[in-house]
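What follows is one structure encoded as structure tokens, with my remarks underneath.
A quick note: this is a predicted structure, and the numbers were derived from the prediction, not measured.
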Amino acid sequence: MKTQFYILMSVKTLQGFTDYGQYFFGNDREAAYGLFGQLKGSEQLRESCPLHIDLMETVNDLPVKIRTICCTLDELGHNCKLIAKEIFRLKNLEEMA
């Protein structure tokens, strides 16, 4: 089985956290960990924090949460731009190879 990495975004609702977005890195552990380390936010999760970003890995087809950060709406905007730029760069480099 191949290990897959992705970033999962979720928002807190009355029923709990609801996923609303995913960014896939394929099996590139280094890219996923490197990018997640650049994201703005706090690893100290607070009950009042409604926006979470998780670094996820699939192991035997099951999702495993590696790290989670809590962020503000402004930090989320910055993070989405950073993620989109990195995914674009990685995918275009793959096609050139």
query = In Å, rounded to the nearest 0.5 Å, how long is the span from OH of Tyr20 to CG of Leu8?
reply = 9.5 Å
Membership question, hydrophobic clusters at under 4.5 Å side-chain separation (ILVMFWY): are [Y] and [X] in the same one?
{"X": "Leu73", "Y": "Phe17", "result": "no"}
{"X": "Leu51", "Y": "Met56", "result": "no"}
{"X": "Tyr6", "Y": "Ile66", "result": "no"}
{"X": "Ile69", "Y": "Tyr23", "result": "yes"}
{"X": "Phe24", "Y": "Ile53", "result": "no"}

query = Should we say atom CZ of Phe88 is surrounded by more than 12 heavy atoms from elsewhere, each under 6.0 Å from it?
reply = no
inquiry  = Would you say NZ of Lys12 has more than 12 non-hydrogen atoms from neighbouring residues, nucleotides or ligands within 6.0 angstrom?
reply    = yes
message = Tell me whether the rings of Phe5 and Tyr33 are parallel (<30°), tilted (30 to 60°) or perpendicular (>60°).
response = perpendicular
key: Thr3 and Glu57: CA distance, side-chain angles, deciding distance, side chain to side chain contact (heavy atoms under 4.5 Å, CB included) verdict   = CA-CA 7 Å; Thr3 299; Glu57 176 180 359; 3.0 Å; yes
So [Y] and [X], do their side chains get closer than 4.5 Å, heavy atoms only?
{"X": "Met9", "Y": "His52", "value": "no"}
{"X": "Ser10", "Y": "Thr18", "value": "no"}
{"X": "Asp28", "Y": "Glu30", "value": "yes"}
{"X": "Leu55", "Y": "Lys65", "value": "no"}

Where the side chain of [X] meets the backbone of [Y], is there a donor-acceptor pair that is under 3.5 Å apart?
{"X": "Glu86", "Y": "Ile83", "answer": "no"}
{"X": "Asn79", "Y": "Lys40", "answer": "yes"}
{"X": "Thr72", "Y": "Glu75", "answer": "yes"}

ask   = Where is the tightest heavy-atom contact between Leu35 and Phe25, given as atom of each residue plus distance?
value = CD2-CZ, 3.2 Å
Closest heavy-atom pair and its distance - Cys49, Cys71 = SG-N, 3.7 Å
